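Written below as structure tokens is the structure these notes are about.
Bear in mind the structure is a predicted one, so any value in this text is a computation, not a measurement. Throughout, a chain's letter reflects where its sequence line sits, starting with A, and its residues are numbered from 1.
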Amino acid sequence: MIGFDYLGIAVLLLFLGLLIGFAAFGHRWPMVLRSIRGFDELNTAIERAVEAGERVHLSLGTGSVIGSDSAPALAGLAMLSRVATATTMSDKPVVVTAGDGAMALLAQDTLRAAYERAKASERFQPISGRMLGPTPFSYVASLPILISTEGVSVHLLAGSFGAEGALAADFGEHQEAFVLAGTDDAQSQALLYATAEYPLIGEEVFAGGAYLKVGPFHLASLRTQDMVRVLIVALILIGTILSTLGVSL
Amino acid sequence: MRVRTSLIWAAAAVIAGFFVLLGYFVDHQVINNLRLVLIRWAVLLAAVALFLGLFNLLSVHWSKVSEQVTGWPYSAVLILAFLVTLILGMVFGPDNQVSLGLFKYIQLPVEASLMALLTVSLAVAGFRLVSRRRDLFSLVFVGTALLVLLGTGPWLTGGESSFYILVGQVRNWLVQVWASGGARGIVLGVALGAVLTGLRILLAVDRPYGD
């Protein structure tokens, strides 16, 4: 006997259809991205760091690849592919850190691919992708030394963080670095709002690929998110009205 | 040849991801078993990756010590602590009092100190936020944080005054109506973003395992 979750399959197909549809035909309707201060100023900050011979650091957080908290770090890896390309020719190329061994390996692979695309494979150093510490606080305890000794002037946090994320952002602020920070946890976002100069709120951490022009599928993702969000809000409103009128479904 | 190799990785990732996802929507013995096998493989691979991550950690700090770069003594301490912990763990076992003592008397106090540092950092960050990013949202943020703190913690004047009760009620209203409503909106947005990030990897559009 085979059981099907028809609603789940329908929702999945809706997501897939919208994503592929917008990626294929989205260029017919030009898209205007709203201004996010952090992403607006990120390219300038990276260019300044490259010219000054300073380091860009991207933290993928303390989540694991196989955990439910991997999504923001995977979005961070999409950002990394663009950031790595921008710093390929710098004396101090981007360094990526994670609290999970598998995530550090993915960071190394992403970096290797970015260097190959830039025809600079010989400049790739495997230790540019590092695991700092397997627990949240051992990870964050290693950050101040890394930030000060590596001369980090652009400190990006895109991954899963708990309360330790606030410390991670604060260490960058103490170094007077450009600190752009986003995560998936709502409470940690509140902490990052206070500590980081450029906090990413809500799902903005997932929009990094679209803002950094990683590819058409990233723009399509944003359109799909907005479309499904409107649908969900409409359903919530309809449900509220029906419930107020005493109609039970 | 290089292209073919990357295609193999992409195909393996897509097929594995497809069957794991299918297991959530289709209730069939074969698919469920396959999903469980794939997840177990992933857990095993993650454990191996942890080992590689630790090796990577050691090699980074070893190169810092050997090249005597700035801050190398910290790296030397890390390598020493790593080796001591590893040797003690291998000799006495992970459940021995010696191994547990390392966590109880070194790691836990250090992590608790960092947690304490966090509270100070947040207080300073609150003041910095108001002085540096002086816009409406920041003022609302800090004002709300102060109200919630006042409404949550005990007062020196005691908890009998009507003003204390009023602040407590305002705090509850803020937390239960505005904060939980906002948090649900954020969680909804994060969920949508997470789903689409997963789908991009499932479609092999994003390939963090290399191009």
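Looking at A/Ala190, both its backbone and its side chain come within 4.5 Å of chain B, counting heavy atoms on both sides. Contact of A/Ile2 with chain B is made through backbone and side chain together, with heavy-atom distances under 4.5 Å. Only the backbone of A/Pro126 comes within less than 4.5 Å of a heavy atom of chain B; no side-chain atom from C-beta onward does. Contact of A/Glu204 with chain B is not made at all, since no heavy-atom distance falls under 4.5 Å. B/Ser138 touches chain A through backbone and side chain together, each having a heavy atom under 4.5 Å away. For chain A, the nearby parts of B/Val26 are the backbone and the side chain; heavy atoms of each come within less than 4.5 Å. For a residue to count as touching a neighbouring chain, one of its non-hydrogen atoms must lie under 4.5 Å from one of that chain's; by this rule B/Ile201 touches chain A with the side chain only. Using a 4.5 Å cut-off between heavy atoms, A/Gln189 touches chain B through its side chain atoms alone. Proximity to chain B (any heavy atom under 4.5 Å) is restricted, for A/Ile145, to the side chain, taken from C-beta onward. At a 4.5 Å heavy-atom cutoff, A/Leu7 makes no contact with chain B through either its backbone or its side chain. Interface remark: A/Ile20 contributes side-chain atoms only to the contact with chain B (heavy atom separation under 4.5 Å). Contacts between A/Gln187 and chain B at a heavy-atom distance below 4.5 Å are absent for every atom of the residue. Only the side chain of A/Val140 comes within contact range of chain B, judged by heavy atoms closer than 4.5 Å. Using a 4.5 Å cut-off between heavy atoms, B/Leu54 touches chain A through backbone and side chain atoms alike. Neither the backbone nor the side chain of A/Asp100 comes within contact range of chain B; no heavy atom of the residue lies under 4.5 Å from a heavy atom of that chain. Heavy-atom distances place both the backbone and the side chain of A/Ala163 under 4.5 Å from chain B. With a 4.5 Å cut-off on non-hydrogen atoms, A/Leu74 touches chain B through its backbone and its side chain both. A/Leu19 touches chain B through its side chain: at least one heavy atom from C-beta onward sits under 4.5 Å away, while N, CA, C and O do not.
Ranked by heavy-atom pairs under 4.5 Å with chain B, the first of A/Pro136, A/Gly202, A/Ala113, A/Ser221 is A/Ser221. The candidate with the highest count of non-hydrogen atom pairs below 4.5 Å against chain B, out of A/Gly3, A/Ala71, A/Ser64, is A/Gly3. No other option in A/Phe4, A/Phe15, A/Tyr193 has as many heavy-atom pairs under 4.5 Å with chain B as A/Tyr193.
Summarising the geometry, atom CH2 belonging to B/Trp173 is positioned 10.5 Å from atom CG belonging to B/Leu147; distances are rounded to the nearest 0.5 Å. To the nearest 0.5 Å, atom CG of residue B/Leu57 and atom CG of residue B/Leu52 are 12.5 Å apart. Here the straight-line distance linking atom OG1 of B/Thr85 with atom CD of B/Gln107 works out to 8.5 Å at 0.5 Å rounding. Taken to the nearest 0.5 Å, the CZ atom of B/Phe25 stands 14.0 Å off from the OH atom of A/Tyr6. The line from OG1 of B/Thr197 to CD of A/Gln225 is 7.5 Å long, rounded to the nearest 0.5 Å. Distance check: A/Phe124 CZ to A/Ser128 OG gives 6.5 Å after rounding to the nearest 0.5 Å.
Side chains of A/Glu164 and A/Thr62: a donor on one and an acceptor on the other come within 3.5 Å. Remark: the A/Thr135 side chain and the A/Ser138 side chain contain an N/O donor-acceptor pair separated by less than 3.5 Å. B/Ser6 and B/Tyr209 form no side-chain donor-acceptor contact under 3.5 Å, judged by distance and modelled atom types alone.
Residues B/Ala46 and A/Ile66 share a closest heavy-atom pair of CB-CD1, 3.9 Å. Of all heavy-atom pairs spanning A/Ala141 and B/Leu114, the tightest one is CB-CD1, 3.7 Å.
Residue-level contacts of residues 92-105 of chain B with chain A do not occur; threshold 4.5 Å between heavy atoms.
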Decide yes or no on salt bridge (Lys or Arg N to Asp or Glu O under 4.0 Å) for A/Asp91 and A/Arg55, but give the supporting numbers first.
CA-CA 9 Å; A/Asp91 292 337; A/Arg55 184 86 72 182; over 6 Å; no
Show your reasoning for whether salt bridge (Lys or Arg N to Asp or Glu O under 4.0 Å) applies to A/Asp226 and A/Arg229.
CA-CA 5 Å; A/Asp226 287 345; A/Arg229 195 196 330 270; 3.1 Å; yes
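Within the 3.5 Å criterion, the main-chain N or O of A/Gly129 finds a donor-acceptor partner in the side chain of B/Asn56. Remark: side-chain polar atoms of B/Arg184 are not paired, donor with acceptor, to backbone N or O of B/Gly181 under 3.5 angstrom. Here the side chain of A/Thr183 pairs a donor or acceptor atom with the backbone of A/Phe161 at under 3.5 angstrom.
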